[in-house]
Amino acid sequence: MPPKNKEKGKKSGAQKKKKNWGADVEAESRHRLVVLEKELLRDHLALRRDEARRAKASEDQLRQRLQEVEAELEGARSERKAIYEEMSRQCHALQEDMQTRSKQLEEEVKGLRGQLEACQREAAAAREEAEQALGERDQALAQLRAHMADMEAKYEEILHDSLDRLLAKLRAIKPQWDGAALRLHARHKEQLHQFGLTSPGSLRPPAPSL
């Protein structure tokens, strides 16, 4: 083989080796890249599984907490319902008591008003009767006083007339009475003298005073 052909053969052999080495490097790089991608994918999947487990655990916790909250809420609703029903019952009972008491008070007030009106009527009638009785009493007293004054005047007049007639009669019989008194006195004096009880001249006939 001539020298040029040898140089060309060497040069083409070197280029071929260089080309094979580049292909190997590229293949290894690709292999490493695939391995790295698998590792990355495996790590990514592991991370996602951990995240999924944590998310599942969080979801379970949240679901449990939600159930607890719902139970508490239901209990609160039941308690509120019971409280509302109890308050409604007490309010209804209080309203009934207030209505009953109000009716009782209305009836009591009505009765008291009736009694008050009756008492007022009785008081007015009693006042009218008292005023009428007082008027009748005053009128009767005035009539009685007038009658007594009239009777006193009449009695005084009758008494004066009687006294005047008595004095007139006494004046009329005075001379006769004086003579009779003198005779009676003399006779008594004589009788006493006869019994020695007194001396003549110790007794004097009474002098009538008219």
Side-chain angles (χ1 to χ4, degrees), residues 57-185 187-188 192 203-210:
S58 298
E59 183 181 358
D60 294 338
Q61 291 178 356
L62 289 175
R63 184 178 291 107
Q64 183 178 0
R65 180 56 182 164
L66 180 60
Q67 291 177 355
E68 293 175 356
V69 171
E70 288 178 349
E72 292 177 359
L73 181 60
E74 185 65 24
R77 286 176 179 174
S78 300
E79 185 177 0
R80 185 180 64 181
K81 183 178 180 181
I83 293 173
Y84 177 76
E85 291 177 353
E86 179 65 20
M87 290 180 65
S88 298
R89 186 189 65 79
Q90 292 180 1
C91 182
H92 184 68
L94 182 61
Q95 287 178 352
E96 291 182 351
D97 293 339
M98 289 180 65
Q99 289 178 357
T100 302
R101 182 57 179 166
S102 178
K103 290 181 180 179
Q104 291 177 354
L105 290 175
E106 288 178 357
E107 293 295 331
E108 186 175 356
V109 169
K110 185 178 180 180
L112 290 175
R113 284 179 178 173
Q115 293 179 5
L116 178 61
E117 291 176 357
C119 290
Q120 288 176 349
R121 288 193 298 269
E122 292 178 357
R127 184 169 57 252
E128 291 179 358
E129 291 178 358
E131 291 177 354
Q132 184 178 358
L134 289 174
E136 293 176 355
R137 187 200 64 178
D138 294 339
Q139 184 178 1
L141 287 175
Q143 293 177 356
L144 182 61
R145 290 191 184 97
H147 183 64
M148 289 179 63
D150 186 40
M151 289 181 64
E152 287 177 358
K154 289 181 180 180
Y155 288 153
E156 186 176 358
E157 183 179 357
I158 292 171
L159 181 60
H160 288 168
D161 291 342
S162 299
L163 290 176
D164 291 340
R165 285 194 298 269
L166 180 60
L167 288 174
K169 288 180 180 181
L170 289 174
R171 289 190 185 97
I173 64 173
K174 183 177 181 298
Q176 298 177 3
W177 184 79
D178 289 341
L182 290 173
R183 287 192 297 271
L184 182 60
H185 178 69
R187 187 173 60 193
H188 288 171
L192 292 173
L203 293 175
R204 293 180 181 179
S209 58
L210 294 175

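Side-chain atoms are counted along with the backbone in the values below, which use heavy atoms only and exclude waters and symmetry mates.
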Interatomic distance, L66 atom CG to L73 atom CG [nearest 0.5 angstrom]: 10.0 Å
Short side-chain donor-acceptor distance under 3.5 Å, H92 and E96: yes
Test item: side-chain donor near acceptor, Q104 and E108, under 3.5 Å: no
Reported NZ-to-CD distance for the pair K81 and E74, which is rounded to 0.5 angstrom: 9.0 Å
Pairwise distance CD(E157) to OG(S162) - rounded to 0.5 angstrom: 10.5 Å
Gap separating the CG atom of L144 from the CZ atom of R137, nearest 0.5 angstrom: 12.5 Å
For E122, all residues meeting salt bridge (Lys or Arg N to Asp or Glu O under 4.0 Å), sequence neighbours excluded: none
Distance (rounded to the nearest 0.5 Å) between L62 CG and Q67 CD: 11.5 Å
Salt bridge (charged side-chain N to carboxylate O under 4.0 Å, His left out) between R65 and E68, worked out: CA-CA 5 Å; R65 180 56 182 164; E68 293 175 356; 3.4 Å; yes
Pairwise side-chain contact, V109 with E106, heavy-atom cut-off 4.5 Å (strictly under): no
Pairwise distance CG(L94) to CZ(R101) - rounded to 0.5 angstrom: 13.5 Å
R89 and E86 ion-paired at < 4.0 Å: yes
